[in-house]
Amino acid sequence: MSLITKFLSTLLHRREAGIAVMIVLLALVVGAIQPRFLTLETLRIIALAIPLILIAAMGQMMVLVARHVDLSIGSILAFSSIIAGIMFRDLPDVPIIISIVAAIACGGALGFANGVIVTLFRLPSIIVTLGTLSLYRGLVFLVSGARQVDPQYIPRSLIEMSQTSPIFGIPWIVILAFVIALLTYFFLDHVRLGRQIYALGSNPVAAPLRGIKVVPLTILVFTMSGALAGLTGIIYASRFGYVNPGITGVGFEFTVIAAVVIGGVSINGGVGTVLGTVLGVILLGMVNVALPLLGVSAFWQDVIYGAVIVIALLIDKSVRDRSARALAAARSAA
Amino acid sequence: MADAPLIAARGISKQFAGVEVLSDVDLDLMAGEIHALLGENGAGKSTFAKILAGVHRPTRGTLALNGQPVEVNNPTTAQRLGITLIHQEPISFPDMSVAENLVLGRTDSALLGRVPWAEMEQGAKDLMTQLGVRIDVTKPMRGLSIADQQMVEIARALASDSRLIIMDEPTAPLTPKEVDTLFKIARRLRDEGRTIIFISHRLEEVQALCDRATIFRDGALVDTVDVVDVTDEDIIKLMIGRPLRELIHKTGSEIGEVALEVSGLSQPGMFKNISFSVRKGEIVGLAGLVGAGRTDVARAIFGVAPAQSGTINVNGAPVTIAEPSDAIDLGLAFVPEDRAVAGIFKTLSVEHNITATVPGKIAPRGFISRGIEKALTAQSVKQLRIRLASVRQPIGELSGGNQQKAILARWLHTDPQILILDEPTRGIDIGVKAEFYDMIGKLAADGRAILLISSELPELLALCDRILVMAEGELTADLLRADATQETIMHAAVPKTGNHAQESAA
Amino acid sequence: QDPVSIVYIPKNTGNPYFDSLVAGFEDACKELNCEFTMAAPATAEATSQIPFITAQTQRGVDVIAISPNSPDAMNQVLDRARSRGILVLAVNGDLVDNYEHRDAAILPVDFTKTGPGQVELVGSMIGYKGEIAVLSATTDAPDQNTWIAAMVDSLKTNPKYKDMNLVATVYGDDEPQKSTTEAEALLQTYPDLKGIISPTTVGVAAAAQVIQSAGKADEVKLTGLGTPNQMRPFIKDGTVEAVQLWSPYNEGLLAAYFAVGVKNGTIKNEVGATFEVPELGTITIGEHNVMNTQAELTTFNADNIDDFDF
Amino acid sequence: MTMQTETAKPTRDSADARPMWQVVLVRPEVMTFALLVGAFIIASNLSPFFSDAQFILESSTYYVEYSIIALVLTLVIISGEIDLSPAAMMALSACVFAALYQAGLPIGLAMIASLATGVLMGLFNGILVVVFKLPSIIVTIGTLTLYRGLAQVLAGDRSIGKFPQWFNGIDYRLILDVPVPVIVFVIISVALAAILGTTVIGRQIYQVGTSEIASIHAGIRVRRIKLGLFVAMGVASSIGGLLTASRLASVRYDMATGGELQMVLMVMLGGTYIFGGRGSILGTFLASWLLVIIATGMTVANIAITAQLIVMGALLIISIIATNAIYARTQR
Ligand SMILES: Nc1ncnc2c1ncn2[C@@H]1O[C@H](COP(=O)(O)OP(=O)(O)OP(=O)(O)O)[C@@H](O)[C@H]1O
Ligand SMILES: Nc1ncnc2c1ncn2[C@@H]1O[C@H](COP(=O)(O)OP(=O)(O)OP(=O)(O)O)[C@@H](O)[C@H]1O
Ligand SMILES: [Mg+2]
Ligand SMILES: [Mg+2]
């Protein structure tokens, strides 16, 4: 009996279960209308839609768990990818990997700057990153001279990362994204430093009293988020084959935050799992792919997109309420 | 004494924004003693404790550990030196498991080291067994009662193997049985040669546990005494600089009609079938162990979190209270237990805090009249003797007792006929407490009905005409003043089934 | 006499298409000794150009050339500029149905020929047989819609195209992500698809990338309107045989010559008037004061693409 | 009994009150004002074309719709919530207006329908936040996508126009040389400042933002206030949408894209505290002008958009650093 209640309450507690159910339902419903949705080819398309969001979502998730938010990732992504693009164009002899590292480092540096401003002046990250969202975009225009890096300069091997596959036809960038998710999982769940991020978000007042070095930890979290956004910039270049300073990554932060929140990461900090985030990203990716397949007019996409966010929030809320009630009932029954 | 003291504090002073809250404290703490810190609210006890634990840095003064000068710049250093502070308000990480809460922030392993989940949970389980509490260490901290959270804090201090453990009002949320357990542990630690600083407002606990006591007043150390040598009166005199009269003031006011009657109030998971009534002029106490559900009942009556079923009658007529404003319209008032969160508007002025309940009064024609507002506030400040620099200063700058007075003042302006006071004197020093008792008595004498929730039995026994007792969400006793004693109340308050009973049988 | 001051307001900053248009202005102004400035908003929204127009009016420039983000949202500010004696030119896109709010328009080609030209191009690639689809910009993009209507019309009326079948028109909103998803969905939904026409630079680049990824260059032929720089790798590696466009550079050139001519009184801005522009030859002002830089679209393929850099 | 606790107590029970000059001078609004003056001087030096009142007023009409909404947003943020959907609400209510007008509804009715749409959208946001207790920042990110999407469904990406002549060009109607929208802005500023500063509702907005739980316990109808504020956002957005429709003489679904950031920027620049409980209409009022001056000044000086983005971003961060420092000083 108590085992069953325990199992039930864990299940109710698991936000992930809810998203998984939504994913299955969506697949079935869309599949019923458009059987083509349930093919391997679609799976590949969905898989390709995921890495861009997933990698940045890992960073954003850490930031949210630490009770912050990073709205500047779209601009960081653009900055990193334009830096890499410029290096590809102007320094064709430099090995690609150097440019990739440079892009990640640039992302990390901008994230670091976010972290420093947030901690040094004790400012709410939402406003700081709203500011750097604009500021970094300005930098993108500045370093690029407002000029696009054309496809001819993007190295073949980089583009092939989203086309060729080492195994089972799964493209490199998809594998990369899942490796990063796994690393993040390991870091957050099995490394002391990772646990401290949860602690920090769970109770920012208690954290310093427990010897957690809040300032460096916060800066680290923003730096990681920036670096992952930077890596996303590289993937962006790989997937789309050119880098434009004006459109790359615009509005990207909303997509990522939506995915992370759908994945059950609390914007109040301290709560959230890598699994949930991955599922949230998959759900969003599926919606993106399903709509054109269903022949839904492009006009409806935003409506559905917005509705999915609102519904996910409502479901999250009801799951939480239900688990709280179950907990209370269990308590009074005991 | 042959050995150097474990800690020697010299000339410790602390200023906050220019206000000196601790001045020139010299104190020696010996190895293997339990040392009480006593003093009124705001005397500086917690501040001193925090300085020892590296939370605050002293403005002036030095610390020596075993005769060696040390600088305790941050909590990590303190921990390394073997100093652990159990904070006044339990500080934990609500989203993380009990086991993790026990080890988080421990400095003995590398930051990039792996988290040994299994080991950690086993260790936590052992620690809980050792303490004699039944807490599932894999559950998140969030679900724990305050008392259990406090026990986890204590367990953490134990686990960290400290030389000096500072407990800042650890017993406030604990049941007598838990207090007993805590005392046993404390004595054992002392016998192992560790030092414990014990901060409490309950003098009987100090008498029962402590070896020496240091009394603070207005930020200065007044005296350090051997506990066996002094009486409570002596200590109180030292604390407030004057003697205090006996606690009993209830002046049998005239008891009238039933003002508030609840019947069959239930909220699944919180409380069940609560029925009682309070008459005009009557003070009805509500006793119970922490977590018994008293606050939940009060919140339900006042409409903060209405009950699922049951009825409420006010002055004989059934009423619906969907939100607090309904309750206020019916003449109810509620002083919540968690003053910092549910009571004050911390950054707003005292004035705005006091007039929060009477928008109609301060704005008779829709626009706020500064004159009326000033007058109302001045009246409150005078009537309740609220001590402040200016009515326009943020209420957060006031001491706890004065904040609580302002909250009461807020309600007096609504001229309530039924007052629900939830732990109104919690964390308030003896001097201000006496003022509160007096005020409560006067309110009843005016013919108001009062429901007084308190965890301090002497307080209830002194003030109440009748005492209700709750245990595990149910009403277990309704005692007349004549029948109520500490024993009868505790008998009803301790649950008949469940954890507590099993434990006491064991 | 002061040199004529010209300001050009493209749709947005960082759009490579306008870079060569600006270069056209700059080179012409070197010749003609006019003063040229460019001022661009960050995003290509309907209203983002308005403050720029007002500011330039305030600065008292002689000519405002603009690639409008909206056919009608700027009517009032443009009128105000014109009332101050400023010559207002629409460049590369017109204020469709709001012609009276600008003085003249400089367009690259006669847009009525664009649609049929594209159909012919894709037809020649697929042997005039099979399913084709269109990947456009936004659903109401006026130029694209004109071209698509003309495509549909010629598919219906020209017997040469009787075996070609337009199965879908989808919209990528000129966003790389969305265009990519839509292109992928096209390949997915229509396994027998033979050709895609994408009459927008963002769309054609995204579709090329998708076809390259899927390795379907042999099965699905792609064409559309694309800039040489954007399409160069795809044309070189055979993913795309050919795309078409015109020369934005010439638009800048023509606009500058026309503006300076009108301001100096050497060109009359009326329908039917003609004037000479070096390299472009004789330009005739057409209906609604529209003039074109070239008659036909330029087709870029593996043979000639390296001759172009824009 | 007599109180024996009365002694000549030192002020240790409370901190000393701050001197008056600090109370008055050390306020975020003062900083905003100083920035405003500074920006004006710099802009005048950057371009000889800048300091022309008529030009500044005309340019301000491009931002005034945002400014009006930012005033209401100030109240929302003081109450401890945020609304990121107003720009989308502007677009949807304007599209409703235009679509209905085009469908043959009399223009007056179409305007009423547009306002009603504003009410509904605000209500929807409010219900999600207040009844379902969802965090407003995420809820409104969701509804901003939703509303913008609905606008697109409704209007496609045509622009809908051809309104009667009297409706168009409200920004060119002048009263005492001042464009009508600016006058509307000033009137709403004064009205909201009066509500916030002198009425019970205003007081309660601050109280709710300072501590929602304490407000509930004090009998303040928190839900009603918040719901009301969200509805007010909807109405203000709808008014903003109609003003924009009149100014542009046309409506598209992408009206005011990204405007939410500008509005938040105005509120933040005005010294309103992002976590609620503090802030003022005066601050937002000044900040609106600050933004107009900066944006207009840079545009007329032909400063590249690159620099504009950097300046705006930096400004937001600097202003909030200053605001926070000021609150930290005055709040200890
Ligand atoms: N962080 C702080 N900033 C400003 N003032 C503070 C701060 N912490 C404490 N104080 C002030 O210092 C004084 C001493 O407070 P402290 O918490 O040490 O008292 P205490 O003796 O522990 O009281 P209590 O019995 O209520 O716990 C009080 O006046 C309090 O308001
Ligand atoms: N065994 C328990 N474990 C965890 N939480 C509990 C338990 N029992 C009660 N609670 C929760 O703890 C809270 C404390 O209950 P409540 O505050 O009503 O009790 P109380 O008797 O008023 O205690 P207090 O003296 O702290 O005010 C309630 O919200 C209740 O749901
Ligand atoms: Mg204390
Ligand atoms: Mg309680």
Side-chain angles (χ1 to χ4, degrees), chain C residues 5 7-15 35-61 68-81 83-84 95-98 101 136-142 144-145 171 173-174, chain D residues 47-52 54-63 65 87 90-91 152-153 155-163 168-172 244-259 292 295-310 312:
Chain C
S5 56
V7 68
Y8 171 55
I9 306 174
K11 281 175 182 275
N12 60 340
T13 306
N15 191 331
E35 239 173 49
F36 175 74
T37 335
M38 186 205 71
T43 56
E45 297 159 49
T47 58
S48 58
Q49 292 169 319
I50 292 177
F52 288 81
I53 301 169
T54 307
Q56 297 308 329
T57 308
Q58 174 74 7
R59 291 178 67 86
V61 295
N69 282 330
S70 156
D72 50 14
M74 285 163 288
N75 290 351
Q76 314 204 31
V77 267
L78 290 179
D79 285 348
R80 172 159 292 208
S83 74
R84 303 255 179 104
L95 301 176
V96 180
D97 293 335
N98 288 294
H101 300 286
S136 182
T138 56
T139 36
D140 286 321
Q144 271 81 3
N145 283 354
Y171 302 90
D173 287 1
D174 269 353
Chain D
S47 168
F49 306 105
F50 176 76
S51 27
D52 168 350
Q54 214 46 50
F55 167 64
I56 294 174
L57 279 178
E58 184 187 343
S59 296
S60 74
T61 59
Y62 308 144
Y63 303 89
E65 295 119 8
M90 276 172 81
Q152 200 178 2
V153 168
D157 77 8
R158 286 163 299 149
S159 52
I160 309 178
K162 308 269 179 282
F163 306 125
N168 292 340
I170 189 154
D171 53 322
Y172 287 155
T244 312
S246 164
R247 175 163 66 81
L248 301 177
S250 69
V251 167
R252 273 173 60 90
Y253 85 91
D254 65 353
M255 168 189 288
T257 302
V292 168
T296 308
M298 289 198 288
T299 308
V300 82
N302 270 350
I303 291 177
I305 198 74
T306 307
Q308 299 204 17
L309 288 171
I310 294 176
M312 288 293 175

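Each chain gets a letter, A, B and so on, in the order the sequences are listed, and its residues count up from 1.
- Counting heavy-atom pairs closer than 4.5 Å to chain D, the top-ranked of the candidates Ile50(C), Asn75(C), Thr13(C), Thr37(C) is Ile50(C).
- For the set Val300(D), Leu309(D), Thr244(D), Val251(D), the count of heavy-atom pairs under 4.5 angstrom toward chain C peaks at Val300(D).
- Both the backbone and the side chain of Ala73(C) come within less than 4.5 Å of a heavy atom of chain D.
- For Pro41(C), the part sitting under 4.5 Å from any heavy atom of chain D is the backbone (N, CA, C, O) and nothing else.
- With contacts defined as side-chain heavy-atom distances shorter than 4.5 Å, the pair Val77(C)/Tyr62(D) qualifies.
- One distance of note links OG1 of Thr299(D) with CZ of Arg59(C); it measures 10.5 Å at 0.5 Å rounding.
- Put simply, the side chain of Glu58(D) reaches to within 4.5 Å of the side chain of Arg80(C), judged on heavy atoms.
- Within the 4.5 angstrom heavy-atom criterion, no atom of Asn12(C) approaches chain D.
- Every side chain to side chain contact (heavy atoms under 4.5 Å, CB included) that Thr57(C) has, sequence neighbours left out, goes to Ile53(C), Ile64(C), Ala81(C), Arg84(C), Ile86(C).
- Judged as a salt bridge (charged side-chain N to carboxylate O under 4.0 Å, His left out), and not counting sequence neighbours, the contacts of Asp254(D) are Arg252(D).
- A donor-acceptor contact shorter than 3.5 Å is absent between the side chain of Gln76(C) and the backbone of Leu248(D).
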